Amino acid sequence: MEKIVLGASLGNCVHVGGVAHFLQLAEREGYTPIYLGPAIPVDDLLREIELHHPAMVAVGYRLTPENARPLIAELVQKVKERGIETVWSFGGTGPVARVAEEFDFFDYISDGSDDIDDSLYFLRNGKKATKDEVLPDDLVARISAKYPYPLLRHHYGEPSVEKTVAGIREIAESRVLDVISVGPDQNTQQFYFHPEKRKPEYEGAGGVPLRTREEFEALKAATKFGNQPLIRCYSGTADVFDMAQLLKDTLNNAWCAVPLCWYNKLDGRGDRDIDTSVKEAVELMRWHAERGIPVEANEPHHWGLRDAHDVIPVVMAYLSARNAKKAGVRHYVSQYMFNVPNSLSFPMDLARVLAMIELTESLQDDTFTLYRETRAGLPFLSADLDVAKGQLAATTYMQMAVHPHIIHVVGFCEAEHIASPKDVIESCKIVRGVIKTCLEDQIDLVHDPRVQTRKEHLLKEARFLLSFIERFYSDYQDPLCEPAVIADCIKRGFIDAPHIVKGGEFTGDLFTTIIGGRCVAYDRKAGRELTERERLAHLCEKEGIPIEGYLDPAPLHA
């Protein structure tokens with residue numbers, strides 16, 4: 001059945017921008033728009049309503065409140081006299097919107113301070129979200145309710161449980177954030193189940209010191225205000241399955257975030273060796289999959305943060321998703337951190353993320369749904385807070401080019417101090433301002449020829465590395481989903497980053513540099529960039545391994 005939305009500027013008002021934009025948004029939501037234009041008398045508007053029988057009528061008025069009052073009164077009276085039944089939306093300046101509220105007539109009133117997601121909710125539900133409405137405590141349902149407007153997520157956790165609980169409530173009541181990511185301190189992540197091992201120097205380090213089940217429950221209770229944001233927490237770096245159960249039971253953890261190769265001796269965030277942690281990461285994905293909990297493998301940016309060349313994050317984005325799919329995950333959050341390393345140029349950075357998306361989303365099918373999550377890189381933001389605000393807006397604009405389902409907002413202040421509730425709210429408002437500007441239409445950054453050329457090159461190089469791994473470890477049935485293979489690739493340097501401390505079991509020798517805004521593998525002696533073929537051949541020859549047969553590209557396994 002056709003749903004018609006009819007729009008006009010009312011009476012003597014000639015300002016039509018708000019109505020026109022609302023109709024464009026409505027058309028994307030499946031409505032048939034009818035635009036009457038500026039300065040439409042009440043009688044003419046009602047005649048068109050009786051002719052077309054719209055499901056919704058949107059009117060705007062942006063002149064003085066004194067002129068608006070009699071005009072709205074006329075509209076209300078004549079609608080009631082004619083028995084017209086439809087859904088009404090009104091848009092105007094703040095003072096005029098307050099006049100409109102006096103009549104208790106309109107189903108939705110926009111005063112310019114609301115956002116596109118508010119309009120989307122109204123168009124999809126025929127009513128405005130109320131303060132006491134119970135919103136879905138489920139990631140997939142929240143995304144479905146809001147997309148193409150992305151969910152906003154922000155990290156938050158102060159070195160005090162009491163302050164964190166109060167801060168979560170303040171953030172929830174602001175209604176600007178959809179997901180609160182609680183950052184626990186290192187003692188929580190590593191020693192929650194072994195209090196005797198806690199270290200004084202870890203107390204409050206990096207987040208909130210959570211010591212009891214009741215404290216986790218208090219965090220969840222604080223979200224039951226405002227727009228009732230989802231809440232999630234970092235995975236533990238030890239006793240990972242016990243921690244997963246705790247987070248499920250106390251927070252209804254919105255999704256699990258676990259790196260495939262980190263939180264171990266490799267990065268100093270745990271005591272596990274690389275073999276154990278990769279195996280446990282896959283098992284943790286399977287644990288959540290069996291319970292219907294979405295999974296994010298926050299993996300590729302760990303390599304970018306450690307100056308790995310651009311091919312490695314692309315490969316690791318794919319490997320993470322592929323391992324999650326094999327573990328039975330149905331809903332997968334694929335995180336793309338922009339600006340790592342922070343000296344990447346915007347076009348080359350976008351190309352890198354687009355390569356990740358294309359390779360990763362090749363795995364998508366009826367059993368495996370991916371959701372794009374983007375974020376700014378931590379090293380990107382300046383310690384000068386005014387500069388950082390501009391950088392946050394700039395990187396958000398670039399992120400919107402890939403149409404994310406979730407934006408992980410990085411607080412503009414984080415290079416200078418941990419985010420307070422006020423900082424979280426302000427950062428989210430900056431990001432919401434960018435979204436509002438470019439959600440409906442944006443310059444096409446994706447198809448810039450330089451971006452596309454770099455993306456295709458990265459895909460070619462990434463497929464070469466993946467094919468090499470499959471051939472090198474062909475004794476395994478599915479090498480790319482074998483924890484022992486992934487761990488061995490890191491030890492040998494097939495998958496490598498300059499910041500990994502070499503020596504002992506880690507024998508790679510990767511050096512990278514920035515050329516033309518790209519992070520590339522580099523041969524310092526020859527003074528030139530290395531292809532993956534050259535880099536891998538060097539590693540094989542160094543170990544005296546025959547390379548014949550390993551370096552010929554082969555089709556990537558489905």
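Note that the structure is predicted; figures quoted are calculated from it, not measured.
Atom-to-atom distance recorded for Phe241:CZ and Ser235:OG is 10.5 Å, nearest 0.5 angstrom.
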Hey, mind stepping through Ile168 and Ile231 against side-chain contact (heavy atoms from CB on, under 4.5 Å) and telling me if it holds? CA-CA 10 Å; Ile168 288 174; Ile231 188 168; 4.2 Å; yes

What do the steps show when you test Tyr234 against Tyr263 for ring-ring contact (aromatic ring centres under 6.0 Å, His included), and what is the final call? CA-CA 11 Å; Tyr234 289 1; Tyr263 291 6; 7.4 Å; no

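Asn339 contributes a side-chain N or O that, together with a main-chain N or O of Gly377, makes up a donor-acceptor pair within less than 3.5 Å. Under a 3.5 Å cut-off, the side chain of Thr507 and the backbone N or O of Lys491 do form a donor-acceptor pair. One N or O on the side chain of Lys502 and one on the backbone of Ile500 form a donor-acceptor pair closer than 3.5 Å. The backbone N or O of Phe412 lies less than 3.5 Å from no partner atom in the side chain of Asp423, so there is not a single donor-acceptor pair. Here the side chain of Asp523 pairs a donor or acceptor atom with the backbone of Ala526 at under 3.5 angstrom. Side chain of Ser277 to main chain of Ile274: a donor-acceptor pair is present (N/O by atom type, distance under 3.5 Å, no hydrogens or angles). Remark: the backbone N or O of His331 is not paired with any side-chain donor or acceptor of Thr369 at under 3.5 angstrom. At distances below 3.5 Å, at least one donor-acceptor pair connects side-chain atoms of Asn253 with backbone N or O atoms of Cys233. Distance alone, capped at 3.5 Å, is enough to place a donor-acceptor pair between the Tyr522 side chain and the Gly527 backbone. Proximity of a side-chain donor or acceptor of Thr512 to a complementary backbone N or O of Cys519 within less than 3.5 Å is not detected.
Residues Gln335 and Arg153 are in side-chain contact: their nearest non-hydrogen atoms beyond the backbone lie under 4.5 Å apart. Side-chain contact check for Lys146 versus Arg142: every heavy-atom pair is 4.5 Å or farther apart. A heavy-atom distance below 4.5 Å is found between the side chains of Ile406 and Leu139. Looking only at side-chain heavy atoms (C-beta outward), Leu350 and Phe338 come within less than 4.5 Å of each other. Side-chain atoms of Ile486 and Leu260, non-hydrogen and from C-beta on, do get closer than 4.5 Å to each other. Counting heavy atoms from C-beta outward, Glu461 and Leu465 have side chains that stay 4.5 Å or more apart.
For Gln245, the side-chain contact (heavy atoms from CB on, under 4.5 Å) partners two or more places apart in sequence, or in a different chain, are Lys248, Asp249, Trp287, Arg291. The side-chain contact (heavy atoms from CB on, under 4.5 Å) search around Asp137 returns Lys220, Lys224, Leu230, Asn252, not counting sequence neighbours.
The aromatic rings of His302 and Trp262 lie parallel to each other, with less than 30° between the two planes, well short of the 60° mark. Aromatic ring orientation, His405 versus Tyr147: parallel (interplanar angle below 30°, classes split at 30° and 60°).
Closest non-hydrogen pair, Leu536 versus Phe494, comes out as CD2-CD2, 3.9 Å. Pairing each heavy atom of Arg352 with each of Asp310, the nearest pair is CD-OD1, 3.4 Å. Of all heavy-atom pairs spanning Tyr332 and Ala321, the tightest one is OH-N, 3.4 Å. Between Val314 and Met356, the closest heavy-atom pair is CA-CG, 3.7 Å.
The existence of a salt bridge linking Arg213 and Glu217 is confirmed by a sub-4.0 Å separation between a basic side-chain nitrogen and an acidic carboxylate oxygen. Salt bridge annotation for Glu170-Lys163: absent, with no cationic side-chain nitrogen under 4.0 angstrom from a carboxylate oxygen. Between Lys265 and Asp275, none of the side-chain N atoms (NZ, or NE/NH1/NH2) sits under 4.0 Å from a carboxylate O, so this pair counts as no salt bridge.
Neither side chain, Glu158 nor Ser160, offers a donor N or O lying under 3.5 Å from an acceptor on the other. Remark: the Arg330 side chain and the Thr367 side chain contain no N/O donor-acceptor pair separated by less than 3.5 Å. Judged purely by distance below 3.5 Å, without hydrogens or angles, the side chains of Thr395 and Gln399 pair a donor atom with an acceptor atom.
Taking the ring axis of Phe191 as reference, the NZ or CZ atom of Arg198 does not stay both within 45° of it and closer than 6.0 Å to the ring centre.
Within a 6.0 Å radius of NZ in Lys542, other residues, nucleotides and ligands contribute more than 12 heavy atoms.
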